[in-house]
Amino acid sequence: MDLFEAMETCRSIRRLKPDPVPDEMLERLVYYATRAASAGNSQLWRFIIVTDPGDRRWFRDMLATALAPTLGDGPPADDDHSLAARNQRMYRRFVLEFDKIPAFILTAVENAFPSAEKPDPHYMWSSVFTATQNLLLAARGMGLGAAMTTNHLANEPAVREHFGIPATVELGATIPIGFPEGRYGPVTRQPVSEVIYRDRWGKM
Ligand SMILES: Cc1cc2nc3c(=O)[nH]c(=O)nc-3n(C[C@H](O)[C@H](O)[C@H](O)COP(=O)(O)O)c2cc1C
């Protein structure tokens with residue numbers, strides 16, 4: 001797959017087979033993630049690869065509890081084929097069966113300014129999301145499914161405590177990884193003509 005095709009088909013793939021992903025593949029994802037740019041070439045990104053079934057179960061239970069209001073009491077009616085119902089079914093499955101996904105990666109970044117009283121999270125995030133997007137594209141290129149999520153924010157203090165993440169570290173994304181189940185089409189995005197301004201803000 002060439003680079004442009006990977007970019008055009010890098011969907012958020014949430015339906016993933018439970019089959020384990022070989023460790024070499026997970027390491028290769030991190031290899032490509034760490035080819036990204038970072039501020040001042042600081043490379044302070046870190047990646048927690050989680051495959052342990054107990055940890056995956058813990059994460060699933062954390063999500064199910066924290067997101068209970070969004071998930072609702074039960075799935076939408078079987079005869080409801082609206083987009084909202086389909087999204088709700090997909091999201092419920094994604095969250096409630098998160099432990100069946102064979103791996104997830106927490107992308108993180110260490111404090112670039114240890115002497116600063118309070119690190120600037122914007123500066124830190126901007127240096128971890130370059131790597132995170134690289135990781136997603138690498139997964140696509142390797143035939144793996146993945147998705148950018150902020151699932152850790154469902155209960156970040158609990159996630160920090162469970163995985164031993166110090167306060168000086170910012171979390172970037174939670175990326176589920178597995179072999180895709182089913183087929184996914186290309187990404188659907190606005191035409192570039194709607195997002196380009198010429199010379200001045202708002203001038204088409
Ligand atoms: C910063 C960011 C946060 C996101 N957070 C979540 C999330 O918490 N859960 C989720 O299922 N998807 C999450 N997504 C994925 C978006 O919902 C997804 O990219 C968008 O719906 C478009 O779908 P597509 O990527 O399949 O084309 C996030 C994406 C980004 C860039």
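Note that ligands are numbered from 1 as they come in the structure, with each ligand's atoms numbered from 1 the same way.
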Trainee: Do the ring centers of W125 and F129 come within less than 6.0 Å of each other?
Mentor: no

Trainee: Grab the two heavy atoms, one from P102 and one from G178, that are nearest each other, plus how far apart they are.
Mentor: CG-CA, 3.9 Å

Trainee: Any side-chain heavy atom of W58 within less than 4.5 Å of one from D99?
Mentor: no

Trainee: Among all protein heavy atoms, pick out the one at the shortest distance from atom 3 (C) of ligand 1; state its residue, atom name and that distance to 0.1 Å.
Mentor: T150 CG2, 3.8 Å

Trainee: Do we get R35 above Y31's six-membered ring, with its NZ or CZ under 6.0 Å from the centre and within 45° of the axis?
Mentor: yes

Trainee: So E24 and R28, salt bridge (charged side-chain N to carboxylate O under 4.0 Å, His left out) or not? Walk me through it.
Mentor: CA-CA 6 Å; E24 314 82 78; R28 261 181 82 204; over 6 Å; no

Trainee: If you count the atoms of ligand 1 from 1 in the order shown, which ones are under 4.0 Å from a heavy atom of R11?
Mentor: 24 (P), 25 (O), 26 (O), 27 (O)

Trainee: Classify the side-chain pair R56/T51 by whether it contains a donor and acceptor separated by less than 3.5 Å.
Mentor: no

Trainee: Atom 27 (O) of ligand 1: which protein heavy atom is closest, and how many Å away?
Mentor: R189 NH1, 2.8 Å

Trainee: Which residue and non-hydrogen atom of the protein lie closest to atom 14 (N) of ligand 1, and at what distance in Å?
Mentor: M148 O, 2.9 Å

Trainee: Does ligand 1 come near enough to T149 that some N or O of the ligand is less than 3.5 Å from an N or O of the residue?
Mentor: no

Trainee: Between G172, C10, A173, S12, which one has a non-hydrogen atom sitting closest to atom 24 (P) of ligand 1?
Mentor: S12

Trainee: Heavy-atom distances under 4.0 Å are what count here, so tell me which part of F94 touches ligand 1: side chain, backbone, both or neither.
Mentor: side chain

Trainee: I need the nearest protein heavy-atom contact for atom 11 (O) of ligand 1: residue, atom name and distance, please.
Mentor: R14 NE, 2.7 Å

